[in-house]
Amino acid sequence: MKRRTWRFGLKGKAAALLAILLAAVIAFLSVLVLAGIREDQRERLEQTLAAEAESANLRVRQEVLTSGSPAPDAFMEQSGQGLAVDLGAESGLPVTLYKTDGSLAGTSLPFQPKVDVQDALSYTAKGQSAYITEGDQLLYLAPLYAFDQESVGTVQFHVSLTEQQAFYERIRRLFWLAGVTVLVGGFLLGYLFVWRQAHVITRLNRAATRIGEGEYLREPTVQRKDELGELAQGIYEMSGKIATTHAQLTDEKSKLLEAVTRLQELEQQQKLFIGNISHELKTPLTSILAYADLLDMYRDDPALLEEAARHIGMEAERLYALVEKSLKLSSMDVYEFETHASSVDLKPLLTEAALRLQAKAEKQGIELVTTLQDGKVWADSDNMMHMVMNLLDNGVKYNQPGGKVFLSNKAISEPGGPGRMQITVKDTGIGIPPEAWPRIFDPFFTVSSDRARVHGGTGLGLPLVRSLAEKQRGSVKLTASGPEGSTFVIELPLERPDPQDGG
């Protein structure tokens, strides 16, 4: 509502200002023109009366010559009345003649004028003309001379100003009418012009409001070839820049939120990691301390000594594996774990991994079966060996007597891409319950604490395999598990990943 009041206020103020300026200009011009008209009337009247006075002087000289050059007063006394009538007929104006002493010599008027002209006669006696104005009447008095500039009296012309004043009034009314007309027309035109400009400003203001509300412009609000058009173009360009900046800020905000979420996850993982590692370290240490006490208490029992030494060695190996895997997994989560990826010939590496576990498998009555194909992957060979060895070791440890572990690989082509290599480790072991599938790659998670204690499991092997696979643009997943065993699949790129993808 304030915006509406301000908008109409601007139009009214601008139009009123224009009207005031027009009124001032018209009034100023009217005063100048009317003053010029009055001055012109005065000058014309003066010129006319001066000419009539000169004619009167010529007639006086003629009368003086024809009358034998009498004395001035005698001349005026003798010829004044007739001369006044003749001069009035010639000039078309009422004429009155005065002697040099100021007395009346003659008049063309039917009555003697009653105006006091003594002050004016004092001027004509000095050879000057004089005016007397009464209402709409003007009396013009001028000296009369005979030959040798001898004063014979004064001539007085009676002039009516009614016609001049009527003309002046008509002009003044015309100026008033023209002034009012121009003022009203100028006000309306000015208001219309200002309204159009204010309408453009209103559209620009609405565009700015839309930008403030996040609705950015697709084109300039106003198409004009003036300053308002330039302003509209500037607002449009500003809208585009704000939209770009807003998109960038939104993207940065999203990345920042992701980073904060990741930090929170890492913090939570760190807390969980510390709690789990503390618990997992405490368990084998408690067992070692308990068997150490037994050794001290029953030194004369060879069977007990042998069993205690075996358990202490087993727990120490489990403790060593736990610490080693914990350190490696922690370094991968907290720091950017360094890898030395290159093109690795896969078949020899998988063959070597199988040979390393051959003895352990035979000791537990497990058969290792390999079905390998030639191929190369882009990976770190040491990390590759660790991943395959870990999966093979789990297949051997959690298998059944007389069971088998199958190791195979095959290349998978991808439309428009370099393809990937699948490495499959399948066992005929005890399997993993379906409810445990989502957590088997979580640090320190074990399907069964009893089974982990028997086989020396730490719950860190599979998380480490997943981390190593992801560092090399690969993946690992459990594809099948049940009474007939489990199947794990590692996928790695066949060629070097594109650096633009973060590789």
Side-chain angles (χ1 to χ4, degrees), residues 310 314 317-318 321-322 325 329 346-375 377 379 383-412 420-470 474-492:
R310 182 174 61 82
M314 184 175 64
E317 288 180 1
R318 181 167 178 264
L322 179 64
K325 291 182 179 180
L329 184 62
L346 189 59
K347 186 175 181 178
L349 187 145
L350 297 179
T351 301
E352 182 181 354
L355 290 175
R356 288 186 183 184
L357 283 174
Q358 185 67 39
K360 183 176 182 179
E362 291 179 353
K363 183 178 180 181
Q364 297 187 16
I366 305 298
E367 180 183 358
L368 282 177
V369 181
T370 59
T371 306
L372 305 177
Q373 300 177 2
D374 292 329
V377 294
N383 292 341
M384 277 288 303
M385 180 62 73
H386 186 89
M387 289 188 289
V388 175
M389 288 283 292
N390 192 292
L391 293 179
L392 289 175
D393 184 60
N394 285 346
V396 171
K397 285 192 300 185
Y398 300 111
N399 215 315
Q400 299 178 1
K404 296 181 180 181
V405 176
F406 301 92
L407 175 62
S408 62
N409 70 295
K410 64 177 180 178
I412 304 297
R420 303 177 72 80
M421 179 67 73
Q422 284 188 349
I423 304 170
T424 304
V425 177
K426 179 181 179 182
D427 63 63
T428 60
I430 56 180
I432 300 173
E435 62 272 13
W437 284 25
R439 297 191 59 195
I440 60 172
F441 292 102
D442 293 344
F444 299 104
F445 176 77
T446 56
V447 176
S448 171
S449 58
D450 294 336
R451 186 171 72 171
R453 193 168 308 280
V454 171
H455 297 285
T458 62
L460 294 176
L462 290 179
L464 184 57
V465 171
R466 182 185 63 178
S467 297
L468 290 173
E470 290 176 351
S475 63
V476 61
K477 55 187 176 181
L478 174 65
T479 60
S481 185
E484 297 180 356
S486 303
T487 302
F488 287 88
V489 177
I490 299 174
E491 284 193 0
L492 293 171

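Excluded from the calculations below are hydrogen atoms, water molecules and symmetry mates; all remaining heavy atoms, backbone and side chain alike, are included. The shown structure was predicted, so the numbers you read here are calculated from the model rather than taken from an experiment.
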What's the separation between atom [atom1] in [X] and atom [atom2] in [Y], rounded to the nearest 0.5 Å?
X: Thr370; Y: Lys347; atom1: OG1; atom2: NZ; answer: 8.5 Å
X: Met385; Y: Leu392; atom1: CE; atom2: CG; answer: 10.0 Å
X: Leu391; Y: Thr487; atom1: CG; atom2: OG1; answer: 11.0 Å
X: Glu367; Y: Phe406; atom1: CD; atom2: CZ; answer: 7.5 Å
X: Gln364; Y: Leu357; atom1: CD; atom2: CG; answer: 10.0 Å
X: Asn390; Y: Asn394; atom1: CG; atom2: CG; answer: 5.0 Å

For [X] against [Y], the heavy-atom pair lying closest together:
X: Gly402; Y: Ile366; value: N-CD1, 4.4 Å
X: Ala361; Y: Leu368; value: CB-CG, 4.0 Å
X: Leu372; Y: Leu407; value: CD2-O, 3.8 Å
X: Arg420; Y: Ser475; value: NH2-N, 4.5 Å
X: Ser486; Y: Gly431; value: OG-CA, 3.5 Å

Do [X] and [Y] have side-chain heavy atoms sitting under 4.5 Å apart?
X: Val396; Y: Asp427; result: no
X: Val476; Y: Met387; result: no
X: Lys410; Y: Gln373; result: yes
X: Met421; Y: Ile412; result: no

**OP:** Assess whether atom NZ of Lys360 is packed by more than 12 heavy atoms of other residues, nucleotides or ligands within 6.0 Å.
**Re:**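 Counting other residues, nucleotides and ligands, NZ of Lys360 exceeds 12 neighbours.
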**OP:** Give a yes-or-no answer on whether the side chains of Thr428 and Asn399 include a donor-acceptor pair shorter than 3.5 Å.
**Re:**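 A donor-acceptor contact under 3.5 Å links the two side chains.
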**OP:** Identify which one of Glu352, Met384, Arg356 satisfies the side chain to side chain contact (heavy atoms under 4.5 Å, CB included) criterion when paired with Met389.
**Re:**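 Testing Met389 for a side chain to side chain contact (heavy atoms under 4.5 Å, CB included) against Glu352, Met384, Arg356 leaves exactly one candidate, Arg356.
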Subject >> Qualifying residue, where the test is side chain to side chain contact (heavy atoms under 4.5 Å, CB included) with Asn409 and the options are Leu350, Leu492, Val377 >> reply: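 Option passing the side chain to side chain contact (heavy atoms under 4.5 Å, CB included) with Asn409: Leu350.
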Subject >> Worked verdict on Val405 versus Val425 for side-chain contact (heavy atoms from CB on, under 4.5 Å) >> reply: CA-CA 7 Å; Val405 176; Val425 177; 4.2 Å; yes
